[in-house]
Amino acid sequence: MFCGALWYWLCFGARYFNQGYRADGPGIPITMNSARDDDGHGTHVSSIAVGNYVNGVSFLITPEAARGTQQINLYENPLSIASFGASEKGILVCLSAGNRGPSVGTIRSGIPWAVVVASGTVDRWLAGTLTLGNRKTITGWTTFPARAIIRNLPLVYNETLSACDSSELLAQAPDLTIIVCNLTISNTDFQDVMSYLPNSNVRAAIAHQWRALTSRESRFKAAHRTIESAAIQSAMMTTANPLDNTNQPIKDMDDFTAASPLGIGSGMVDPNRALDPGLIYDASMQDLVNLVCSMNFTREQTQTIVRSSYNCSDPSSDLNYPSFVAIFNFAERGMMLTRRFQRTVTNVGDGAATYRVKLEVPVNTTIRIRPETLVFRKKYEKQCYSLMIRYKADIDNQHRDGSITWIEQNGEHTVRSPIMVSAGADNFS
């Protein structure tokens, strides 16, 4: 707890929860055994979690969330158990996918009742404006704070110095100058260029591009206060964008080919669209219990997760989830397989609506959906549809993706779910 005159009559408190972390890794040194952040990561994540003020919302960040650990059974995973309990209270839990990618099977916690988030890059950049003596302006990248001003300094372009590829080189620049840096195919990392500046005489740098460079929960809860956590997750997933800012498929950072849902899930979250998703895939706690009951755990293992009086009289692995995965195991290689899914969607638009389906079918796959049109007469009405995927268990074409998109007749809403035909984990063990 930090209080005092400098806080202007405010007190700020923070708790830390690391007993599970210490039990999991008793030999791991903890340099700051408190809620204090010693490297900036917690502060960074906290600032994202806070965002804008939402009444009645709190958040919790645990040290476990930033650790890449081996995939373990749900009944042995403290995050799985804790997030299931949180779901019972209507709390949506977001977890890191981990740092072990990008190869197959490296997600750290595949928890169906939590939002598992991967890292990505977006086309945001910090802009700064340089005003020349003739009053012309140049806008480019900057690492200066918004109100920082540098005045009356000479602008220097030098064929040698403007390579901007080392601190030693920039140390030769004239004192108190702004240097123009060339960003070429071999030198495109602006962050690296900026890192060379501290040990030089240069006070600022402008990134000059000689060649075109390639592609650079709480709010929903506030807007829909009666919506449960599964619906919030659905809204974020079905409105996410699988395309980058050039309207091309998001690339995999490993080989820069188009990424599949195994790497990007539903795509990049679009918070504004998520506030108005049109349709949602909802799931009750009993639905989640039915999923756990279908996993062939023992009674004790099941109770470790569920920890309540729910019963397992109706186990089902077909959770009402906004994505579809058709897996084939090692023993099924070469066979023709059929997977069937049932889904229920709820209209959260303003009133009556009609949606028609659009399919992107994975290669060497057949998909049938019934019905192809969903008609809602009023808000919060539910409609069901079935989806059948028929495919060959082809290990040579082991990961095939597509999508199903429900498009409102007036074009106001599009509700997209990824489809994945994929080899199961036992094909790679």
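Start at 1 with the first residue, then count along the sequence.
In summary, the side chains of Y281 and Q233 do not present any donor paired with an acceptor at a separation below 3.5 Å, with no hydrogens or angles considered.
When all heavy atoms of G402 and R416 are compared, the pair lying nearest together is O-NH2, 4.3 Å. Minimum heavy-atom separation, A231 to I280: CB-CD1, 3.5 Å. Smallest separation of non-hydrogen atoms from R377 and A352: O-CB, 3.4 Å.
The shortest distance between side-chain heavy atoms of V289 and V306 falls below 4.5 Å. Here the side chains of L279 and T238 are not in contact, with every heavy-atom distance at 4.5 Å or above. With contacts defined as side-chain heavy-atom distances shorter than 4.5 Å, the pair P418/S266 qualifies. Within the 4.5 Å cutoff, side-chain heavy atoms of T373 are placed close to those of T354. In this structure the side chain of I419 reaches within 4.5 angstrom of the side chain of P362, judged on heavy atoms. Annotation: side chain of I111 is not in contact with side chain of F84 (no heavy-atom distance under 4.5 Å). A heavy-atom distance below 4.5 Å is found between the side chains of W113 and V292. Within the 4.5 Å cutoff, the side chain of Y75 has no heavy atoms near those of the E300 side chain.
Under a cut-off of 6.0 angstrom, the local environment of CG in N296 is sparse, with at most 12 non-hydrogen atoms contributed by other residues, nucleotides or ligands.
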Handout entry: Step-by-step side-chain contact (heavy atoms from CB on, under 4.5 Å) determination, T414 to K358
Key = CA-CA 10 Å; T414 58; K358 175 185 175 183; over 6 Å; no

Exercise for the section: Test Y380 against V348 for side-chain contact (heavy atoms from CB on, under 4.5 Å), laying out the working first. Expected result: CA-CA 5 Å; Y380 299 129; V348 292; 4.1 Å; yes

Practice task
Apply the test side-chain contact (heavy atoms from CB on, under 4.5 Å) to residues K392 and N397: give CA-CA distance (whole Å), side-chain angles for both, the deciding distance (0.1 Å), then the verdict.
Solution key: CA-CA 9 Å; K392 184 177 182 180; N397 198 4; over 6 Å; no

Problem - Stepwise side-chain contact (heavy atoms from CB on, under 4.5 Å) test for R22 and N33 - result: CA-CA 10 Å; R22 299 186 70 175; N33 193 29; 3.5 Å; yes

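Checked for salt-bridge contact, R370 and E372 meet the test: a charged N lies under 4.0 Å from a carboxylate O.
Taking the six-membered ring for Trp and thresholds of 30 and 60 degrees, F341 and F324 have ring planes more than 60 degrees apart, a perpendicular arrangement.
Within the structure, the disulfide (SG to SG under 2.5 Å) test picks out no pair touching residues 362-400 (sequence neighbours left out). Listed by first then second residue, pairs satisfying salt bridge (Lys or Arg N to Asp or Glu O under 4.0 Å) with a partner in residues 331-356 read D318-R343, E332-R339, not counting sequence neighbours.
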